[in-house]
Amino acid sequence: MQQLLIYNTLSHQKELFKPITPDHVGMYVCGPTVYGDGHLGHARPAITFDVLYRYLRHIGYKVRYVRNITDVGHLEHDADEGEDKIAKKARLEQLEPMEVAQYYTNRYHAAMDALNVLRPSIEPLASGHVMEQIELVQRILDAGYAYVSNGSVYFDVRKYHEDFKSYGRLSGRVIEEMLSTTRDLDGQEEKRFSGDFALWKKAQPEHIMRWNSPWSVGFPGWHTECTAMGTKYLGETFDIHGGGMDLMFPHHESEIAQQTSVCGHGPCRYWMHNNMITINGQKMGKSLGNFITLDEFFTGKHELLTQAYAPMTIRFFILQAHYRSTVDFSNEALVAAEKGYTRLMQAYKTLGRLQPSKSSSVDVSGYRQLCYDAMNDDLNTPIVISHLFDMAKVINTVYDKKATLSQADIDELKGVMDTFVFEVMGLRDESAKDNTALVDGLMKMILDARATAKANKDWATSDKIRDELGALGVTVKDGKDGATYELN
RNA sequence: GGUCGUUUGGCCGAGGGGCUAGGCACAGGUCUGCAAAACCUGCUACUCCGGUUCAAAUCCGGAAGCGACCUCCA
């Protein structure tokens, strides 16, 4: 098995990956909050951890990959204080909250499918695990690390920190600092310490999504779902927990605190965080209003986009940067990615047409290991891609008859490309994307040629065209102003 | 303001004490009926100022720019 190094946010260094249970990996990744369309920022972790998931499986692990759907909780920060985001959107659109969640979940799935992101093994809904979250809150209360205040339950950060000395370790935060930098929040008076966070929140009258609990009718706190569902499906300790860097604090820090307070240790061995995507140097985010949805990328319908970008272009673009680096969006960079990606796909097709020689004039034996080395070094997909381009050059050189490859070496290159391009990096050939314009153009050409034939009274040709198109499922309809067509 | 990170060629982006990615763009060439593609060649860069070293883009110190986080966020 390959020796995989992954960067652990907890230790700030690359560590050799060793699963708790031999040959099995449990990984949990924070999924989307389904109250809006997915944007590039959602694609980054999805693709990053999709590649990790694919690679772990490729090198022989059996992986249980859990990625949640957040359809409850999460307080609004501004205007509508304390209102559940889902509920707010529902009221605005006059829809049932769960209808909104379902709608955006479906849209999210469609976008992820387009990006060739594999579905996780389990995709639990927060709303389906309120019981588990209530139980978790009770356990934390029983352990003495939470307190009830006016129907809400808060985590006692100070007590936790006194006993475990670890709050802030993941994010490199100093707890004392938090006192002076905390903003005012709704319900802050209910807390003993400004750094305490809600485990259960009593619902205000305007809340639509609400559940019974021992403390009040309300909804679960911001960080409980991942702890509850991670524990339920992966156990008290699992291997990898992933998510965006912006979730490090407070979300993941709080997850660690919740889990540690009831079982003495954090939820996982390796924390992995992907970096952000920026647009004009600024973070792309829902609340900043500067985001471009994935659908807008696919259709090109956004003022910042000069053209539509195929899902695979987006995927390739993201994989061309290392996951821990920020990536700045620009049309120029995307166009460059699109061209490079096309070149790679073209080389793969060319590979299938190469004439084998008796012997090879180039040594291609090293590429496979070079690709593994790059992947093993904290999923360095940009390096993998650079090796793939080197291979593309070899392929093209052979195609130009300036070098030779034996059948065995051609097969080796094909094997390496199949493995890394398609299986591990999850790219797929998408040259046949949206064909509408193409078909229109082709049909115009054909019908023009037929019109010429008809003008020349060449009925044999014009009928042949009509009959053969008909056999292909295209009906030609002659009219006074020329012919039109219809696809059956 | 605090904490952390970052600054690489026209652009995107790896690397991270001496070898030195890759893509895109651009220029010249080969091939070609013309074009495209492909191939060859060129473009050899690391914010600035000090320091360590035989050797620094890489390590150390400082400055500046940029960014992220500091209880919505992937």
Side-chain angles (χ1 to χ4, degrees), chain A residues 12 29-33 35-36 38-49 67 70 73-80 83-85 88 157 168 171-174 176-178 180-185 188 191 194-198 222-223 242-251 253-254 273-278 281-288 291 316-317 319-322 324-344 346-347 350 370 374 377 380-390 392-393 395-403:
Chain A
H12 303 283
V29 174
C30 293
T33 302
Y35 70 102
H39 53 81
L40 256 198
H42 291 101
R44 189 100 196 255
I47 289 171
T48 296
F49 293 106
R67 189 185 63 204
T70 298
H74 288 262
L75 302 176
E76 276 285 348
H77 178 240
D78 33 53
D80 303 88
E83 188 177 5
D84 189 310
K85 275 181 178 171
K88 181 191 175 196
V157 170
S171 54
R173 216 152 294 258
V174 183
E176 291 73 19
E177 216 176 81
M178 291 171 57
S180 53
T181 56
T182 302
R183 297 178 192 169
D184 284 344
L185 243 201
Q188 182 158 316
K191 299 183 193 175
S194 57
D196 293 349
F197 55 89
W222 318 336
H223 317 298
M245 267 183 186
D246 51 345
L247 294 179
M248 239 156 71
F249 187 88
H251 184 56
E253 200 71 72
S254 302
H273 292 95
N274 62 275
N275 214 319
M276 303 291 104
I277 283 181
T278 58
Q282 203 184 21
K283 189 174 83 165
M284 180 182 284
K286 281 171 197 158
S287 54
L288 293 170
F291 66 94
F316 188 75
F317 174 65
L319 292 177
Q320 264 192 310
H322 188 257
R324 284 190 289 113
S325 301
T326 54
V327 171
D328 194 47
F329 154 85
S330 71
N331 279 289
E332 207 181 352
L334 273 173
V335 168
E338 182 178 55
K339 289 189 179 172
Y341 171 66
T342 304
R343 185 170 135 87
L344 200 57
Q346 202 55 50
T350 302
L370 285 171
D377 186 14
N380 200 328
T381 53
I383 293 292
V384 174
I385 289 171
S386 80
H387 294 315
L388 292 169
F389 275 114
D390 287 344
K393 182 164 270 187
I395 291 165
N396 286 326
T397 306
V398 172
Y399 190 67
D400 271 10
K401 312 251 185 268
K402 287 171 182 160

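In what follows, every chain begins at residue 1, and chains take the letters A, B, ... in the order their sequences are listed. For the numbers below, each heavy atom of this structure counts, side chains included, while hydrogens, waters and symmetry mates do not.
Here C34(B) sits opposite no nucleotide as a Watson-Crick or G-U wobble pair (both hydrogen-bonding atom distances under 3.5 Å). The pairing partner recorded for G10(B) is C24(B), the criterion being a Watson-Crick or G-U wobble arrangement whose two distances lie under 3.5 angstrom. Base pairing analysis places A56(B) opposite nothing; no Watson-Crick or G-U wobble pair with both distances below 3.5 Å involves it. C39(B) is paired with G29(B) under the Watson-Crick or G-U wobble criterion, all donor-acceptor distances under 3.5 Å. Under the Watson-Crick or G-U wobble criterion, with both distances below 3.5 Å, C19(B) has no partner in any strand shown. The partner of C4(B) is G67(B), judged by Watson-Crick or G-U wobble contacts that both fall below 3.5 Å. With a cut-off of 3.5 Å on both pairing distances, A45(B) has no Watson-Crick or G-U wobble partner at all.
As rounded to the nearest Å, G9(B) and G22(B) have C1' atoms that lie 14 Å from one another. Straight-line distance between the P atoms of A55(B) and G1(B): roughly 39 Å, to the nearest whole Å. Only the P atoms considered, A25(B) is 16 Å distant from C40(B), to the nearest whole Å. Between G13(B) and G51(B), the two C1' atoms lie 30 Å apart (nearest whole Å). Between G15(B) and C49(B), the distance separating the two C1' atoms is 25 Å to the nearest Å. For the C1' atoms, the distance from A63(B) to U7(B) is 13 Å, rounded to whole Å. The same atom, P, is picked in G2(B) and in C43(B); the two are 46 Å apart, to the nearest Å. When the P atom is used for both A21(B) and A35(B), the distance is 33 Å, rounded to whole Å.
By the 30° and 60° cut-offs, the orientation of the rings of H223(A) relative to F197(A) is perpendicular. Ring pair F389(A)/F316(A) is perpendicular by interplanar angle, where above 60° counts as perpendicular and below 30° as parallel.
Residue contacts for G41(A): at a heavy-atom cut-off of 4.0 Å it reaches a base atom on one of the strands shown. D400(A) comes within 4.0 angstrom of a base, heavy atoms only. Among the protein residues, S254(A) comes within range of no part of the nucleic acid, since none of its heavy atoms lies under 4.0 Å from any strand. Within 4.0 Å of V327(A), counting heavy atoms only, lie sugar-phosphate atoms of the nucleic acid but no base atom. F389(A) comes within 4.0 angstrom of the backbone, heavy atoms only, and of no base.
Of the side-chain N and O atoms in S325(A), none sit less than 4.0 angstrom from OP1 or OP2 of G13(B). Proximity of R343(A) to the phosphate of A37(B): no side-chain N or O atom is located under 4.0 Å from OP1 or OP2. For K401(A), no side-chain nitrogen or oxygen approaches OP1 or OP2 of C31(B) to under 4.0 Å. Proximity of N275(A) to the phosphate of G5(B): no side-chain N or O atom is located under 4.0 Å from OP1 or OP2. Side-chain nitrogen and oxygen atoms of N396(A) include at least one within less than 4.0 Å of the OP1 or OP2 phosphate oxygen of C39(B). Distances shown here put every side-chain N or O of K402(A) at or beyond 4.0 Å from the OP1 or OP2 atom of C40(B).
Residue D328(A) has its side chain nearest to G13(B) when only A21(B), G13(B), C70(B) are considered. Of all nucleotides listed (C39(B), C12(B), C69(B)), C69(B) comes nearest to the side chain of D246(A).
Both N380(A) and T397(A) lie near RNA chain B, and the one whose nearest nucleotide falls closer to the 5' end is N380(A). Mapping Q320(A) and P382(A) onto RNA chain B by nearest heavy atom places Q320(A) at the nucleotide closer to the 5' end.
Remark: C1' of A21(B) and NE2 of H387(A) are 8 Å apart, rounded to the nearest angstrom. Separating the CZ atom of F197(A) from the P atom of C73(B) is a distance of 13 Å, rounded to the nearest angstrom. Rounded to an integer number of Å, the gap from CG of L388(A) to P of C24(B) is 14 Å. Between the P atom of A37(B) and the OH atom of Y399(A) lies a distance of 15 Å, rounded to the nearest Å. Atoms CZ (F249(A)) and P (C4(B)) sit 15 Å apart, rounded to a whole Å. The distance between atom NE2 of H322(A) and atom P of G15(B), rounded to the nearest whole Å, is 7 Å. Whole-Å rounding puts the D390(A) CG to A14(B) P distance at 17 Å. As a whole-Å value, the separation of R324(A) CZ from G16(B) P is 11 Å.
Here the CZ-NZ distance, from R343(A) to K393(A), works out to 6.5 Å after rounding to the nearest 0.5 Å. Between the NE2 atom of H39(A) and the CZ atom of F329(A) there is a distance of 13.5 Å, given to the nearest 0.5 Å. Annotation: the span from I395(A) atom CD1 to D390(A) atom CG amounts to 11.0 Å, rounded to 0.5 Å. Taken to the nearest 0.5 Å, the CZ atom of R44(A) stands 6.0 Å off from the CG atom of N275(A).
When T48(A), D246(A), T326(A) are each tested for a side chain to side chain contact (heavy atoms under 4.5 Å, CB included) with N274(A), only one passes: T48(A).
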ask   = Should I383(A) and D377(A) be marked as a side-chain contact (heavy atoms from CB on, under 4.5 Å) after you check the CA-CA gap, both sets of side-chain angles, and the distance that decides it?
value = CA-CA 10 Å; I383(A) 293 292; D377(A) 186 14; over 6 Å; no
